[in-house]
Amino acid sequence: MTQHDMTHPHDSETQGSLKSYTIGFLFSIVLTIIPITAVLYGWAEGMTNTIVLMTAAVLQFVVQLIYFMHLREEKRPRYNLVTLILGLIILLVIVIGSMWIMLFNMVAT
């Protein structure tokens, strides 16, 4: 650890700048307004509405990871990224498995 690391542990390399936080905040606001207005004004219906909502949710998730959780600024080894990927795999298995069970459960019908 260098002298600079000991005197300034929270310098700009590890923390986001005001510009970065502002950009992330504006993206988050836009990605929140789009689905709200799409639903309130009925711009799309059925599957198109679902796709708009899901796309906005995924983009919102990516914005949160990049601008607020600083995922791109991580030094090696990338433990946070590996943990995130493992968590997403577990989440997908649970959601897809639950949907599979609900759709193809012969006992309930």
Side-chain angles (χ1 to χ4, degrees):
M1 191 176 251
T2 65
Q3 181 67 24
H4 176 73
D5 292 337
M6 291 171 29
T7 56
H8 301 290
H10 300 293
D11 59 359
S12 63
E13 292 179 15
T14 58
Q15 297 293 320
S17 65
L18 180 61
K19 179 181 175 183
S20 172
Y21 285 130
T22 304
I23 291 170
F25 179 70
L26 291 175
F27 277 145
S28 294
I29 294 296
V30 169
L31 289 170
T32 302
I33 291 173
I34 290 172
I36 289 172
T37 54
V39 170
L40 285 178
Y41 296 113
W43 290 345
E45 293 187 17
M47 186 56 80
T48 307
N49 200 19
T50 303
I51 291 172
V52 168
L53 294 175
M54 295 303 281
T55 303
V58 169
L59 290 175
Q60 181 79 262
F61 179 67
V62 171
V63 166
Q64 297 292 323
L65 288 176
I66 291 174
Y67 288 100
F68 299 115
M69 299 192 68
H70 310 290
L71 194 61
R72 66 176 176 208
E73 299 170 3
E74 185 178 5
K75 305 274 190 277
R76 292 191 186 260
R78 295 181 175 251
Y79 295 121
N80 289 338
L81 181 61
V82 172
T83 304
L84 175 68
I85 291 171
L86 179 63
L88 288 175
I89 290 171
I90 292 170
L91 177 72
L92 285 174
V93 166
I94 291 171
V95 169
I96 292 170
S98 297
M99 291 175 69
W100 179 278
I101 290 170
M102 288 186 285
L103 289 173
F104 299 108
N105 186 4
M106 295 300 172
V107 177
T109 55

Separation of [Y] [atom2] from [X] [atom1] (nearest 0.5 Å):
X     : Y     : atom1 : atom2 : value
Leu91 : Ile96 : CG    : CD1   : 9.0 Å
Thr22 : Leu26 : OG1   : CG    : 6.5 Å
Ile94 : Ile89 : CD1   : CD1   : 12.5 Å
Leu65 : Leu81 : CG    : CG    : 9.0 Å
Ile90 : Ile85 : CD1   : CD1   : 12.5 Å
Ser20 : Phe25 : OG    : CZ    : 13.5 Å

Ile66 with Phe27, same ILVMFWY side-chain cluster at under 4.5 Å: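 They do share one cluster, since a chain of ILVMFWY contacts under 4.5 Å joins Ile66 to Phe27.
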
Cluster link Leu84 to Val82, ILVMFWY, side chain under 4.5 Å: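 No, no single cluster joins them.
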
Table please: side-chain donor-acceptor pairs of residues 57-64 below 3.5 Å, with sequence neighbours left out.
{"from": "Gln60", "atom 1": "OE1", "to": "Ser28", "atom 2": "OG", "distance (Å)": "3.1"}
{"from": "Gln60", "atom 1": "OE1", "to": "Gln64", "atom 2": "NE2", "distance (Å)": "3.3"}
{"from": "Gln60", "atom 1": "NE2", "to": "Ser28", "atom 2": "O", "distance (Å)": "3.3"}
{"from": "Gln60", "atom 1": "NE2", "to": "Thr32", "atom 2": "OG1", "distance (Å)": "3.1"}
{"from": "Gln64", "atom 1": "NE2", "to": "Ser28", "atom 2": "OG", "distance (Å)": "3.2"}

Could you pull out every donor-acceptor pair under 3.5 Å between side chains of residues 33-49 and any protein atom, sequence neighbours left out?
{"from": "Thr37", "atom 1": "OG1", "to": "Ile33", "atom 2": "O", "distance (Å)": "2.9"}
{"from": "Thr37", "atom 1": "OG1", "to": "Ile34", "atom 2": "O", "distance (Å)": "3.0"}

Ring geometry between Phe68 and Tyr21 (parallel below 30°, tilted from 30 to 60°, perpendicular above 60°):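 Answer is parallel, since the angle falls under 30°.
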
Any Ile51 side-chain heavy atom under 4.5 Å of Thr55 side chain: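 Side chain of Ile51 against side chain of Thr55, heavy atoms only: contact under 4.5 Å found.
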
